[in-house]
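Reading through the structure tokens given below for one structure.
The structure presented is a predicted model; accordingly, all values stated were derived computationally and were not measured.
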Amino acid sequence: MSVAIDMARRRAPAEDGEVRSEYLQALRLIERLHRLLLDVIKDEFDRLGGSDLNSVQALLLYNIGSAELTAGELKTRGYYLGSNVSYNLKKLVDMGYIHYKRSETDKRSVRVSLSDKGLEASRVVQNLYQRQLGSLEKVGEVDTEDLQRLNRSLVRLERFWSYQISYQL
């Protein structure tokens, strides 16, 4: 692995204007799409009569699902930054969306799971995604092959960014 890292450091940065333009557009799209997803989730809760949840909290509930996790596990899975997880979990416990209990083995660690209210909110997001799947190809003109290519590219980009951090490239 160190040979690959050394070679990457020695290579001159790409000066191809087209690559630069496409990369910067991809970065903008990733940011914009995440914000738009949060808006879509908020809109769904508003249409169903509003909620005391914000879209980040609703997505957090969806990502927890039927599991019992620690805040650290949510962070490790790459869903959230540490401070965001702690803040939102505390709010969700206070609002009755999440149960928490001290770990039997490590008393410093708290395990969380969804209450019935949390499961209901998680199902709202799940139903939204399921409904979108019904029109993704017809309305969005996005098919399985498009998603497979997109997912492959996003995984490669994630790996590239992880290497930037891990190996200080």
Pairs flagged by ring pair (Phe, Tyr, Trp, His ring centres under 6.0 Å) wherever residues 133-157 is involved - sequence neighbours left out: none

Show every ring pair (Phe, Tyr, Trp, His ring centres under 6.0 Å) that has at least one partner inside residues 97-136, sequence neighbours left out. Y62-Y129

Backbone N/O of V19 and side chain of E22: donor-acceptor pair under 3.5 Å: no

Qualifying residues under salt bridge (charged side-chain N to carboxylate O under 4.0 Å, His left out), relative to D146, sequence neighbours excluded: R149

Going by the rule salt bridge (charged side-chain N to carboxylate O under 4.0 Å, His left out), which residues pair with R102 if we only count those two or more places apart in sequence or in a different chain? none

I'd like to know if the side chain of S21 and the backbone of G17 have a donor-acceptor N/O pair within less than 3.5 Å. no

Could I get the full list of salt bridge (charged side-chain N to carboxylate O under 4.0 Å, His left out) partners for R156, not counting sequence neighbours? none

Residue D94 excluded, over 12 heavy atoms near CG under 6.0 Å: yes

Please determine whether residues L119 and L59 belong to a single hydrophobic cluster, defined as Ile, Leu, Val, Met, Phe, Trp and Tyr linked transitively by side-chain heavy-atom distances below 4.5 Å. yes

With hydrophobic residues grouped by side-chain heavy-atom distances under 4.5 Å, do L24 and L154 end up in a single group? yes

Has K117 got more than 12 heavy atoms of other residues, nucleotides or ligands less than 6.0 Å from its NZ? yes

Under 4.5 Å between side-chain heavy atoms, counting indirect links through other Ile/Leu/Val/Met/Phe/Trp/Tyr residues: same cluster for L48 and L53 or not? yes

Would you say that more than 12 heavy atoms from the other residues, nucleotides or ligands in this model lie under 6.0 Å from the CD of Q132, or not? yes

Do the side chain of S135 and the main chain of K138 share a donor and acceptor less than 3.5 angstrom apart? no

For L157, what residues pass the side chain to side chain contact (heavy atoms under 4.5 Å, CB included) criterion, not counting sequence neighbours? Y23, I30, F160, W161

Residues 39-59 vs ring pair (Phe, Tyr, Trp, His ring centres under 6.0 Å), sequence neighbours excluded, gives none

Other residues, nucleotides and ligands only: do more than 12 of their heavy atoms fall within 6.0 Å of CD on E158? no

For Q130, give me all partners under side chain to side chain contact (heavy atoms under 4.5 Å, CB included), at least two apart in sequence or on another chain. L133

What pair of heavy atoms forms the shortest contact from S115 to G96, and how long is it? OG-O, 2.6 Å

Could I get the full list of side chain to side chain contact (heavy atoms under 4.5 Å, CB included) partners for N54, not counting sequence neighbours? V56, Q57, N88

Residue pair L89, L60: steps toward the side-chain contact (heavy atoms from CB on, under 4.5 Å) verdict: CA-CA 9 Å; L89 286 178; L60 178 61; 4.0 Å; yes

Would you be so kind as to tabulate the donor-acceptor pairs closer than 3.5 Å made by side chains of residues 31-41, with sequence neighbours excluded?
none

How would you list, by chain and number, every residue that makes a salt bridge (charged side-chain N to carboxylate O under 4.0 Å, His left out) with R131, sequence neighbours excluded? E44

State which residues pass side chain to side chain contact (heavy atoms under 4.5 Å, CB included) with I165; sequence neighbours excluded, sorted by chain then number. none

